[in-house]
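Have a look at the structure below before the remarks.
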Amino acid sequence: MDTLFNKPASPVAEQAPPKSLLEIAKVIFLAWEKLRIGYLAILILMTLLLSLLAPRELWYSVRFWFRLAEGAVLANICYFAGPIIETYLTWLGFRGSWLRIVLFIVGTLFACLLALGVMATLLLHGMDHLN
């Protein structure tokens, strides 16, 4: 009975100190950079397929290609919303493999809708809209 009470205390597992916001962001942003390839591939494919519907005159318009380039830059800027939101939610304590997947799918669908709207405007209004 004496040995039961004189047992040395079991070592307590030391907890790792909480990660800083910078450490969290670095891991998340690097993971999102791998997803950017799929995001851009989806948007490029959709844009190219919709561009096939454009009249040939539109293909030769510098403004048409300028608008597509503007959309590409905007899509890349908007892409940062995913890792920013995930970083913030992770910092607040929300974790899970589903978080990145849901943010990526929702963000990509939203970007596709925006791209569809821009392309529809360009296609419906044709050269009139570009002048």
Side-chain angles (χ1 to χ4, degrees):
M1 183 100 162
D2 199 26
T3 58
L4 186 61
F5 292 108
N6 292 331
K7 261 176 126 175
S10 61
V12 177
E14 291 186 31
Q15 291 181 341
K19 289 184 177 181
S20 71
L21 184 59
L22 182 62
E23 292 171 323
I24 293 169
K26 182 178 179 181
V27 171
I28 290 172
F29 273 76
L30 288 174
W32 274 85
E33 282 307 308
K34 294 175 186 172
L35 294 174
R36 185 186 296 267
I37 295 166
Y39 171 79
L40 292 175
I42 291 168
L43 289 176
I44 289 169
L45 181 65
M46 189 182 86
T47 303
L48 286 175
L49 289 174
L50 289 171
S51 294
L52 293 175
L53 301 174
R56 293 295 159 225
E57 309 88 54
L58 202 57
W59 277 71
Y60 300 117
S61 167
V62 173
R63 288 187 181 196
F64 174 73
W65 292 104
F66 183 74
R67 293 285 166 91
L68 290 183
E70 284 178 332
V73 169
L74 183 60
N76 275 287
I77 291 170
C78 290
Y79 184 78
F80 281 112
I84 289 170
I85 293 169
E86 183 181 352
T87 298
Y88 184 67
L89 292 175
T90 301
W91 181 65
L92 289 177
F94 296 100
R95 289 176 175 79
S97 58
W98 60 270
L99 181 60
R100 183 172 300 140
I101 294 166
V102 169
L103 288 172
F104 179 77
I105 291 171
V106 169
T108 302
L109 289 174
F110 183 70
C112 285
L113 285 175
L114 288 176
L116 182 63
V118 169
M119 288 301 295
T121 301
L122 289 173
L123 295 175
L124 291 174
H125 296 287
M127 296 300 284
D128 295 337
H129 183 274
L130 295 174
N131 292 330

Query raised in the report: Which pair of non-hydrogen atoms, one from Phe29 and one from Thr87, has the smallest distance, and what is that distance?
Result: CE1-OG1, 3.7 Å
Query raised in the report: So, Trp91 side chain and Ala25 main chain: donor-acceptor pair closer than 3.5 Å or not?
Result: no
**Report entry** hydrophobic_cluster_shared for Ile24 and Leu99, side chain cutoff 4.5 Å
**Finding:** yes
Query raised in the report: Linking I/L/V/M/F/W/Y whenever their side-chain heavy atoms sit closer than 4.5 Å, directly or via other members, would Phe104 and Val102 fall into one cluster?
Result: yes
Query raised in the report: Shared ILVMFWY cluster between Trp65 and Met46, side chains joined below 4.5 angstrom?
Result: yes
Requested in this report: Can you tell me which residue pairs pass the salt bridge (Lys or Arg N to Asp or Glu O under 4.0 Å) test with a partner in residues 106-115, sequence neighbours excluded?
Outcome: none
Query raised in the report: Could you give all pairs that pass the salt bridge (Lys or Arg N to Asp or Glu O under 4.0 Å) test and reach residues 87-96, with sequence neighbours left out?
Result: none
Query - Approximate separation, where rounding is to 0.5 Å, of Leu53 CG and Leu58 CG - result: 11.0 Å
Query raised in the report: Say you draw a straight line from CD1 of Ile44 to CG of Leu49; how long is it, rounded to the nearest 0.5 Å?
Result: 12.0 Å
Requested in this report: Would you give the length of the straight line joining atom CG of Leu89 to atom CZ of Arg100, rounded to the nearest 0.5 angstrom?
Outcome: 12.0 Å
Query raised in the report: Would a hydrophobic clustering, with Ile, Leu, Val, Met, Phe, Trp and Tyr connected at side-chain separations under 4.5 Å, put Leu30 with Val27?
Result: no
**Report entry** Euclidean distance, Ile37 CD1 relative to Ile42 CD1, rounded to 0.5 Å
**Finding:** 12.0 Å
**Report entry** Point-to-point distance, once rounded to the nearest 0.5 Å, from CZ of Phe64 to CE of Met119
**Finding:** 4.5 Å
Query raised in the report: Any side-chain heavy atom of Tyr88 within less than 4.5 Å of one from Leu21?
Result: no
Report task. Determine, using the 4.5 Å side-chain heavy-atom cutoff (strictly less than), whether Leu74 and Leu114 are members of one ILVMFWY cluster. Result -> no
Query raised in the report: Considering only heavy atoms from C-beta outward, does the side chain of Trp32 approach that of Phe80 to under 4.5 Å?
Result: no
**Report entry** Minimal non-hydrogen separation, Ser51 against Trp59, with atom names
**Finding:** O-NE1, 2.8 Å
Query raised in the report: Which residue pairs pass the side-chain hydrogen bond (donor to acceptor under 3.5 Å, both in side chains) test with at least one member in residues 69-79, sequence neighbours excluded?
Result: Arg36-Asn76
Requested in this report: Would you give the length of the straight line joining atom CD1 of Ile28 to atom CD1 of Ile85, rounded to the nearest 0.5 angstrom?
Outcome: 11.5 Å
Report task. Indicate the atoms forming the closest heavy-atom contact of Ala115 with Leu43, along with that distance. Result -> CB-CD2, 4.3 Å
